[in-house]
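Written below as structure tokens is the structure these notes are about.
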Amino acid sequence: MVRLGFIIGFIALIGVLISGLAAYRVHDQELTLDGIAMARAIDVHASLVQDRLTERELLARVASGLFHTPSVIKADMLRPLRTSIYAFKTDFVVAAWIARIKPTELDAARAELVKAGFPNPTIRNDDDSPLDMRAPDQPIDILMDVEPRDAQTTALAGRSPDQHPILGPMLARAMAAGKPVASDPFPLLRANGPIGVVLATPVMPDGVASPAGFVIFSYELAPLMLTNDDLSLFSVALKDPRSANGELIANDQGIVSSRAVSPDALTPTATRTVTFGGRDWSLNYYAKTNAMKRAAQTAAIVAAIGLALTGIVCGLFGYVAYNNLRLSREIQVRIGFERRLTAVIDELNHRVKNILAVIQSIVTRTLRHGSDIDVARELLIGRIHAMSNVVSLLSESQWQGVKLQGLFEARAIPHSERIAVSGPDIAVSARAAQSLSLLFFELASHSDEGLSLVGKHPHIVAHWDVTGEEPEAVFHFRWEEFNTSEATRRPDSDFGVILLDRVAPEALGGTSKRYFTDVSYVYELTAPMETVIDMTERDRTEQLSRR
């Protein structure tokens, strides 16, 4: 068996090592494949974003190249471009013409806005406050035309974005650079509008060094970033150029919001840079799934499969080896069975001899010379019945002892219905049960000789308790027949006297006494608990039952 266990253990060890190696390799391969797939998907996404930005910048360049400026004051300058800018399908929010107007031309510009039908033709600041006409003699940027024209966009005509914190610096940079310039992200159209960016392209007339105005296009940020792809492996966030620790990220409805990135936050899986409007934009990519966790799960599955196969191989090997050793095991089992059978027979002989000795004593004492044969027969049958009953109770408990209260509930005890029993629920040993069963029968069989002192059957109380602590605990038993006197109670037989005064106390290693009071007959028995329980006998019986 030791050699077989060693072989099976060696096979199991090899299987575990192979399973672990396979799991490690799978884990490493999964991480590599996930990294390659993620990098490829990020590169494709960044390339698509760059293409979209390039298309929109190209639209701005084409629009500025097709723009003719016979008069920058006109309020319908975008009319020739409407067909062209919609052909690009770049889903802009607003396209606008911003003209650079001299202070002396402001009245003419207001007249043009009235002629074009704009609801508020007043020349004003970006916050709708009146424009200070006493400003220095410098051209002023005025929004003269918008596309599309609706209730929200037409209200913008007549405004000057020069004082706007984002649009003003953007127009200044576009004028200085002479090419398209993108603004910082900010809410479009209104304070709580969608976050987007504005691309401004200066319109340069032939032979003039300064621009006549600007063609601008505004775009929502979410479509530019391609952030609404639910099937993507990652989420994308734009590094906020206005904040060193800020990001702009869109939710599943395409609403862009700003968030602060703490130093201990999750780091981006990758970062890519795109160019738009003459500046660089950083895109941070965050993986939606944990590659390490998924690789660990896959490796765990592979390891579980390997361990299962190892268990099957070990089980099959053990089964075959077990069949080869079956014959020797059966021989060993048979030898052990014969030894146990011999021990059980010896124990049974010991118990039978004890029971036969007790029965022999019962018969001898009951059928003594000169006794009444009818009374003797009745007592003999009752005493043997009491012995038979206690043997049945012991057999039911596999000779592990009998509950003391169960001896009173047995049918072998005469007049048991008139006995008031009380005491702790203890189990006595087989030897004590035999002595106590005969003792209870003997006491009960002599308790109903005619009528008692009050003309009724005696009232019997049987009580026991245990005092002291182990191993010095003492068992106390008291039998008391009320309304009984020495004149009304049947005298104890010779066997009963011997049993009450000598046999039962000696069997339990204790003492007894019996006496009459004014109204009762009392029998008391005191014995150490170690003989009443007899753990030695119980342990021996338990060992036999386990073999």
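Positions are given from 1, in the same order as the sequence printed here.
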Please give me the minimum heavy-atom distance between [X] and [Y], naming the atom from each residue.
{"X": "Ser243", "Y": "Gly246", "result": "OG-N, 3.4 Å"}
{"X": "Ala420", "Y": "His459", "result": "CB-CE1, 4.3 Å"}
{"X": "Val428", "Y": "Ala432", "result": "CB-CB, 4.1 Å"}
{"X": "Pro241", "Y": "Asp184", "result": "CG-OD1, 3.9 Å"}

Parallel, tilted or perpendicular, as decided by the 30° and 60° cut-offs, for the rings of Phe276 and Tyr219: perpendicular
To the nearest 0.5 Å, how far apart are [atom1] in [X] and [atom2] in [Y]?
{"X": "Glu442", "Y": "Tyr523", "atom1": "CD", "atom2": "OH", "result": "10.5 Å"}
{"X": "Glu247", "Y": "Leu283", "atom1": "CD", "atom2": "CG", "result": "10.5 Å"}
{"X": "Thr269", "Y": "Lys288", "atom1": "OG1", "atom2": "NZ", "result": "12.0 Å"}
{"X": "Leu238", "Y": "Asp240", "atom1": "CG", "atom2": "CG", "result": "7.0 Å"}
{"X": "Leu404", "Y": "Ser437", "atom1": "CG", "atom2": "OG", "result": "10.5 Å"}
{"X": "Met292", "Y": "Asp34", "atom1": "CE", "atom2": "CG", "result": "11.0 Å"}

State whether the side chain of [X] and the backbone N or O of [Y] hold a donor-acceptor pair below 3.5 Å, judged by distance alone.
{"X": "Lys239", "Y": "Leu248", "answer": "no"}
{"X": "Ser520", "Y": "Phe482", "answer": "no"}
{"X": "Arg242", "Y": "Pro185", "answer": "yes"}
{"X": "Thr531", "Y": "Pro528", "answer": "yes"}

Residues that Tyr286 engages under ring-ring contact (aromatic ring centres under 6.0 Å, His included), provided they are two or more places apart: none
Residue list, ring-ring contact (aromatic ring centres under 6.0 Å, His included) with Phe440, at least two apart or on another chain: Phe408, Phe477
From CA spacing to verdict: side chain to side chain contact (heavy atoms under 4.5 Å, CB included), Leu188, Ile195: CA-CA 6 Å; Leu188 301 178; Ile195 295 179; over 6 Å; no
Residue pair Tyr515 / Glu524, side-chain donor-acceptor N/O under 3.5 Å: yes
Do [X] and [Y] have side chains that approach each other closer than 4.5 Å (heavy atoms only, starting at C-beta)?
{"X": "Phe475", "Y": "Ile426", "answer": "yes"}
{"X": "Arg514", "Y": "Val497", "answer": "yes"}
{"X": "Leu443", "Y": "Leu500", "answer": "yes"}
{"X": "Ser218", "Y": "Val93", "answer": "yes"}
{"X": "Trp464", "Y": "Ser422", "answer": "no"}
{"X": "Arg52", "Y": "Pro223", "answer": "yes"}
{"X": "Val522", "Y": "Glu480", "answer": "yes"}
{"X": "Leu525", "Y": "Leu439", "answer": "yes"}

By side-chain hydrogen bond (donor to acceptor under 3.5 Å, both in side chains), which residues pair with [X], not counting sequence neighbours?
{"X": "Asp465", "answer": "none"}
{"X": "Tyr24", "answer": "none"}
{"X": "Thr271", "answer": "Asn284"}
{"X": "Arg334", "answer": "none"}

Can you name the side chain to side chain contact (heavy atoms under 4.5 Å, CB included) partners of [X], sequence neighbours left out?
{"X": "Asp280", "result": "Thr273, Thr275"}
{"X": "Pro187", "result": "none"}
{"X": "Leu233", "result": "Met38, Ala41"}

Residues 298-315, side-chain donor-acceptor partners within the protein, below 3.5 Å, at least two apart:
residue	atom	partner	partner atom	Å
Thr298	OG1	Arg294	O	3.0
Thr310	OG1	Gly306	O	2.8

Val503 and its side-chain contact (heavy atoms from CB on, under 4.5 Å) partner, picked from Ile498, Leu438, Leu508: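 Running side-chain contact (heavy atoms from CB on, under 4.5 Å) over Ile498, Leu438, Leu508 with Val503 returns exactly one hit, Ile498.
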Heavy-atom neighbours of Arg40 CZ exceed 12 at 6.0 Å: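 12 or below, so no.
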Of all pairs that satisfy ring pair (Phe, Tyr, Trp, His ring centres under 6.0 Å), the ones with a partner from residues 25-48, not counting sequence neighbours: His45-Phe234, His45-Tyr285
Criterion salt bridge (Lys or Arg N to Asp or Glu O under 4.0 Å) on Arg272 and Asp43, from CA distance to verdict: CA-CA 8 Å; Arg272 296 291 186 270; Asp43 289 339; 2.8 Å; yes
Salt bridge (charged side-chain N to carboxylate O under 4.0 Å, His left out) contacts touching residues 7-33 (sequence neighbours left out): none
